[in-house]
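Structure first, commentary second.
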Amino acid sequence: MQRQDTYDHAAIESKWQERWADADVYRTSDDATDPSYVLAMFPYPSGDLHMGHVRNYTITDAYARYQRLQGEDVLHPMGWDSFGLPAENAAIEREINPREWTMDCIDTMKTQMQSMGFGYDWNREITTCEPDYYRWNQWLFKRFYEEGLAERKGGEVNWCPSCETVLADEQVEGEAELCWRCGTPVESRTLDQWFLTITDYADELLDGIDELDEWPDSVRGMQRNWIGRQEGTTVEFEVPEFGGIEVFTTRLDTIYGATFFALAPGHELTQELIADDPELATQVETLDPDADGDEKRGVFTGEYAINPATGEEIPVYVADFVLSDVGTGALMGVPGHDQRDHEFATEYDIDIEQVVAPADGEVEIDEEAYTGDGVLVDSGEYDGIESAAARDRLVADLDTAANHTQYRLRDWLISRQRYWGTPIPVVHCDECGPVMVPDEELPVELPEFVPTPTGNPLEEVDSFVETECPECGGPAERETDTMDTFMDSSWYFLRFTSPDSEDVPFDTERANDWMPVDEYVGGIEHAIMHLLYSRFVTRAIGDMELLDVREPFEHYLPQGMVQLDGTAMSSSKGNVVSPVEIMDEYGADTARLFVMGAARPSKDFDWTERGVRSSNEFIERLLGMVEAFAADETTTTDAGERPIDEYVAREIDATIDEASAGYENFRFNDALREARGLVSLLRRYREQATPDEHTFERGLHTAVRLFAPVTPHVTEECWTALGEDGFVAAADWPEAAHDADHEAERQLVANTREDVRHILDVANIEEPAAIEVVVAPEWKHRALDVAIASDEDVVGSVMADEELRERGEAAADYAKDLAERHQSLTEALTPAAEFAALERATWLFEREFDAEIRLERASDAPDDVARTATPGRPAIEIHEG
RNA sequence: GCAGGGAUAGCCAAGUCAGGUCAACGGCGCAGCGUUCAGGGCGCUGUCUCGUAGGAGUUCGCAGGUUCGAAUCCUGCUCCCUGCACCA
């Protein structure tokens with residue numbers, strides 16, 4: 001099992017990479033008008049490229065290249081999402097600073113990207129950890145603040161009491177929630193932090209989802225879910241001596257069945273109650289809001305709330321299933337009509353009352369809650385009213401009730417108590433409170449990194465912290481929180497339009513022309529947060545009148561995973577295939593071809609050595625065939641009219657159509673299959689006959705360009721070998737010359753070959769001497785047309801035609817046949833087209849069956865043979881030797 | 001529980017939106033033949049059942065329905081995946 005010598009991919013690939021760079025092939029001019037904006041999610045620079053990157057970036061690169069070949073201006077930029085916790089951790093581990101580590105990683109990844117042949121406009125490279133990028137985070141933060149979209153309020157953080165530091169969610173490990181560094185159980189603390197009030201845009205972001213018809217349904221569903229809009233009612237329950245406590249409910253119609261009242265452990269009233277009652281406090285301590293829902297536990301407070309509908313007193317519990325951040329943190333318990341309340345009531349022996357009856361049928365309310373709508377019962381004056389109507393009337397009748405829309409979406413907490421991020425441009429002054437840093441003092445730059453065992457390194461840098469108040473000039477302290485890195489990535493696609501702008505984050509006019517991103521490709525893990533924040537920021541910027549576009553991404557494609565034996569590659573499982581090694585062994589083109597050919601972009605697929613090898617061998621054969629042709633391998637110039645030449649010419653056109661459609665619809669695997677088919681056809685052409693020079697050359701020129709988006713290096717090599725001067729990357733996409741019904745012709749040939757095989761098999765003919773193929777007579781085509789056109793009486797219509805009537809019995813028989821299949825009749829090729837298509841394909845029959853092929857018109861064939869021919873189905877007579 | 005997606009021949013997987021040319025593209029695996037051929041590569045073919053002339057039968061998760069006609073449309077059910085979830 002020896003491997004054949006393969007082509008010198010290393011030399012070819014680096015040669016063309018240099019030439020592209022020298023010629024600035026992938027540069028997008030600022031003057032471009034509405035270029036096709038193709039964007040892959042920019043990576044976090046973690047060191048080496050992995051297969052996920054390779055797939056992601058090959059998809060956008062191939063599409064961008066295809067667009068360029070189509071003559072479009074293309075914007076295909078790349079950058080680095082380079083702030084974030086891993087750099088800080090790596091820095092501490094390696095005793096270097098995060099910046100150095102990050103820049104090293106960027107260098108490595110950039111080199112690897114260039115080795116992969118990705119055609120980016122590196123003039124537009126963005127690095128978010130550079131002051132010239134993050135100053136605009138600060139600038140935007142200030143605009144948000146001015147618009148009332150940034151506010152400071154209490155937020156929960158993870159706190160390690162031993163390290164005395166705040167932890168990010170990913171630094172809290174396991175179910176037990178232990179600090180990643182010292183293993184101490186993590187606590188929760190409330191700190192004053194900065195929020196962007198994305199909830200102000202909740203309705204708009206939700207409604208906008210309807211317009212995103214080029215996004216996958218799954219992602220749209222996830223976003224809807226995340227926003228979680230819910231229409232309901234707020235209403236107060238009076239707790240004597242403590243006042244009205246507000247609850248939120250979507251089922252106000254069940255209020256007569258509210259037999260208990262429940263508070264979250266963190267609710268204000270709970271706090272008030274336990275402050276005066278140490279025993280209650282101890283009991284509440286035992287409740288665990290994080291416990292999963294199997295068992296509902298609660299503590300009776302001794303207080304009673306008054307049901308505003310019934311006027312009855314109901315017991316007030318503190319219960320672990322009531323969450324502080326859902327609704328108002330308090331709820332009315334309706335055991336009869338809510339399964340969760342039902343379980344709680346059963347556990348604590350609380351009354352279960354039915355106040356809604358289903359329209360039909362009975363329910364056993366003691367066994368299970370009835371959660372559907374219905375007709376009210378035992379609800380005083382509301383008896384007999386439908387649920388929906390009852391809700392409306394109760395809102396109107398109850399003093400404290402009001403319609404209210406609730407969201408699951410929370411405001412976006414952007415404060416991070418970390419070093420490696422954008423400093424929030426705020427100064428805290430004892431006199432003036434939090435004050436924004438003036439624009440002219442931006443950027444607030446990060447100081448040198450000082451590793452600290454505890455807390456936020458920024459707090460330890462006195463020269464950073466100590467400053468004066470921009471308002472009063474008095475001593476003040478800088479904000480030491482930095483921004484969530486999602487801030488960086490929520491507008492970077494705008495910055496790509498004018499990455500060097502020094503006075504504005506982006507050029508409004510150009511962004512209006514170039515946005516939205518036409519094709520956005522990246523991992524599904526960003527389906528919610530990154531995309532939602534980007535949508536929010538884009539809208540907010542729009543409302544600052546800096547942009548006219550409201551949705552940043554027109555088409556979003558989450559690419560599938562590259563797996564090994566059905567499992568996702570991951571370094572923790574140790575089942576990764578290194579792109580660098582693949583590039584070394586097989587070259588970038590092979591990796592790209594395999595990844596793109598294996599499956600459509602949205603599907604997962606398995607990495608296989610076999611597939612890689614076969615991609616590599618294919619590339620080698622393509623190059624070999626082109627080089628053999630270039631070396632003046634025998635072709636002829638005085639053919640060109642033979643059926644076989646025509647056949648190949650037509651197939652070239654058919655392939656162009658199919659492959660173009662594949663690229664257009666992101667079905668690269670289909671496009672590549674077609675293109676490979678063409679190469680295989682050219683090989684057989686060369687085997688069968690001395691190829692016509694023009695046809696063969698056009699075939700090669702076409703094939704090379706069809707592969708150019710996916711295997712850019714080797715196709716440049718081919719292009720040059722074919723005598724072309726420029727880059728194939730800048731060539732024109734091939735155009736189909738004939739405007740024919742390729743589909744029908746291909747079908748006819750395939751069916752006829754299939755039929756011959758079938759007959760040979762069934763009739764057990766080993767070595768046919770001659771195969772007679774007879775196309776249907778003109779009049780049968782005519783009869784078919786008449787039959788298709790006729791509404792009812794097919795036989796009548798056909799026989800009404802004078803010319804057909806002359807055919808007598810034969811016409812009548814065929815008419816009956818047509819009548820039977822009347823509904824499913826479809827138009828056939830014309831007799832001439834049918835004959836020509838088969839004539840062109842004769843060589844395939846000869847090649848396969850090794851027999852003489854006699855293609856005839858019905859008029860030239862014996863009647864008993866011609867008889868069975870119908871449009872689209874020639875008669876076949878096989879003669880044995 | 002809610003939301004979204006899915007179930008196709010040995011395996012992977014198209015087709016479903018716009019019903020008929022669908023026994024159902026393609027790939028893998030397996031088998032045969034060819035190639036002055038090393039069992040490799042390449043080319044060709046076969047791979048639901050029956051059939052000595054292109055035919056017939058039974059198939060596209062299960063059960064019904066609509067239609068002249070359903071893998072495709074509708075209803076119900078079962079199972080799988082993904083996201084969210086003690087969400088009031």
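Here is the naming used below: chain letters follow the sequence lines, and residue numbers restart at 1 for every chain.
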In terms of heavy-atom contacts, A:Ile788 and A:His822 come closest through O-NE2, 4.4 Å

Nearest-nucleotide pick for [X], side chain only, options being [options]:
| X | options | result |
| --- | --- | --- |
| A:Ser218 | B:rA88, B:rG4, B:rA13 | B:rG4 |
| A:Val322 | B:rA88, B:rG54, B:rG83 | B:rA88 |
| A:Ser680 | B:rC86, B:rG51, B:rG43 | B:rG43 |
| A:Arg340 | B:rG46, B:rA13, B:rC87 | B:rC87 |
| A:Asp217 | B:rC86, B:rG5, B:rG20 | B:rG5 |
| A:Glu877 | B:rG43, B:rA53, B:rG54 | B:rA53 |
| A:Asn225 | B:rG51, B:rA13, B:rC2 | B:rC2 |
| A:Arg408 | B:rA85, B:rU45, B:rG15 | B:rA85 |

If you measure from the [atom1] atom in [N] to the same atom in [M], how many Å do you get, rounded?
| N | M | atom1 | answer |
| --- | --- | --- | --- |
| B:rA3 | B:rU21 | C1' | 39 Å |
| B:rG76 | B:rC28 | P | 41 Å |
| B:rG83 | B:rU8 | C1' | 26 Å |
| B:rC79 | B:rU67 | P | 32 Å |
| B:rC30 | B:rG10 | C1' | 9 Å |
| B:rC44 | B:rG54 | P | 27 Å |
| B:rC68 | B:rA63 | C1' | 24 Å |
| B:rA18 | B:rU75 | C1' | 22 Å |

Within the 4.0 Å heavy-atom criterion, would you say [X] contacts the bases, only the backbone, or no part of the nucleic acid?
| X | value |
| --- | --- |
| A:Leu825 | nothing |
| A:Arg676 | nothing |
| A:Ala598 | nothing |
| A:Thr752 | nothing |
| A:Arg410 | nothing |
| A:Arg621 | sugar-phosphate |
| A:Gln230 | sugar-phosphate |
| A:Pro871 | nothing |
| A:Arg757 | sugar-phosphate |
| A:Arg600 | sugar-phosphate |
| A:Gln406 | nothing |

Output the rounded distance in Å from [atom1] ([X]) to [atom2] ([N]).
| X | N | atom1 | atom2 | value |
| --- | --- | --- | --- | --- |
| A:His758 | B:rA53 | NE2 | P | 10 Å |
| A:Arg684 | B:rG43 | CZ | P | 8 Å |
| A:Arg224 | B:rC2 | CZ | P | 18 Å |
| A:Arg686 | B:rG43 | CZ | P | 12 Å |
| A:Trp226 | B:rC84 | CH2 | C1' | 8 Å |
| A:Ile528 | B:rU82 | CD1 | P | 14 Å |
| A:Asp604 | B:rC80 | CG | C1' | 15 Å |
| A:Phe237 | B:rA88 | CZ | P | 16 Å |

Does A:Phe344 have its ring centroid less than 6.0 Å away from the ring centroid of A:Tyr317?
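Yes.
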
Rounded to the nearest 0.5 angstrom, the OH-CD distance for A:Tyr663 and A:Glu658 is 14.0 Å

[X] side chain vs [Y] backbone, donor-acceptor pair below 3.5 Å:
| X | Y | answer |
| --- | --- | --- |
| A:Thr234 | A:Phe248 | no |
| A:Thr254 | A:Gly257 | no |
| A:Asn307 | A:Ala309 | yes |

Residues 250-266 of chain A vs salt bridge (charged side-chain N to carboxylate O under 4.0 Å, His left out), sequence neighbours excluded, gives A:Arg251-A:Asp253, A:Arg251-A:Asp373, A:Asp253-A:Arg391

Hydrogens and angles aside, do A:Glu772 and A:His879 bring a side-chain donor and acceptor to less than 3.5 Å of each other? yes

Polar side chain donor-acceptor pair, A:Tyr7 to A:Asn616, under 3.5 angstrom
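A:Asn616 and A:Tyr7 do not have a side-chain donor-acceptor pair below 3.5 Å.
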
With distance as the sole criterion, do the side chain of [X] and the base of [N] form a donor-acceptor contact below 3.5 Å?
| X | N | value |
| --- | --- | --- |
| A:Asp755 | B:rG54 | yes |
| A:His822 | B:rG20 | no |
| A:Thr826 | B:rG20 | no |

At a heavy-atom distance below 4.0 Å, what parts of residues 842-850 of chain A sit against RNA chain B?
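RNA chain B contact set from residues 842-850 of chain A: A:Arg847, A:Glu848.
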
Open item on the list: Show, in sequence, the C-alpha distance, side-chain angles and deciding distance for A:Glu231 and A:Thr405, and conclude whether the side chain to side chain donor-acceptor pair (under 3.5 Å) test is met.
Closed with: CA-CA 5 Å; A:Glu231 315 280 347; A:Thr405 305; 3.1 Å; yes

Per-nucleotide protein contact along nucleotides 22-29 of chain B, 5' to 3', at a 4.0 Å heavy-atom cut-off (B base, S sugar-phosphate only, - neither), is S--BS-SS

Contacts of A:His555 meeting ring pair (Phe, Tyr, Trp, His ring centres under 6.0 Å) (sequence neighbours excluded), chain-then-number -> A:Phe666

Could you walk me through whether A:Lys296 and A:Glu347 pass the salt bridge (Lys or Arg N to Asp or Glu O under 4.0 Å) check?
CA-CA 8 Å; A:Lys296 282 146 190 58; A:Glu347 182 71 31; over 6 Å; no

Sorted by chain and residue number, the salt bridge (charged side-chain N to carboxylate O under 4.0 Å, His left out) partners of A:Asp411 (sequence neighbours excluded) come out as A:Lys153

When you measure from the centre of the six-membered ring of A:Phe618, is the NZ or CZ of A:Arg676 under 6.0 Å away and within 45° of the axis?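 Relative to the ring axis of A:Phe618, which defines the angle, A:Arg676 lies inside both limits.
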
Taking Watson-Crick and G-U wobble contacts under 3.5 angstrom, with | marking pairs to another strand and [ ] crossing pairs, the secondary structure of RNA chain B is written ((((((((.[[[..)....(.....]]](((((((.....)))))))(((....)))...[[[[[..)....]]]]])))))))....

**Asked** Do NZ/NE/NH1/NH2 and the carboxylate oxygens of A:Asp817 and A:Arg821 come within less than 4.0 Å?
**Response**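 Salt bridge present between A:Asp817 and A:Arg821.
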
Is A:Asp864 salt-bridged to A:Arg867, cutoff N-O under 4.0 Å? no

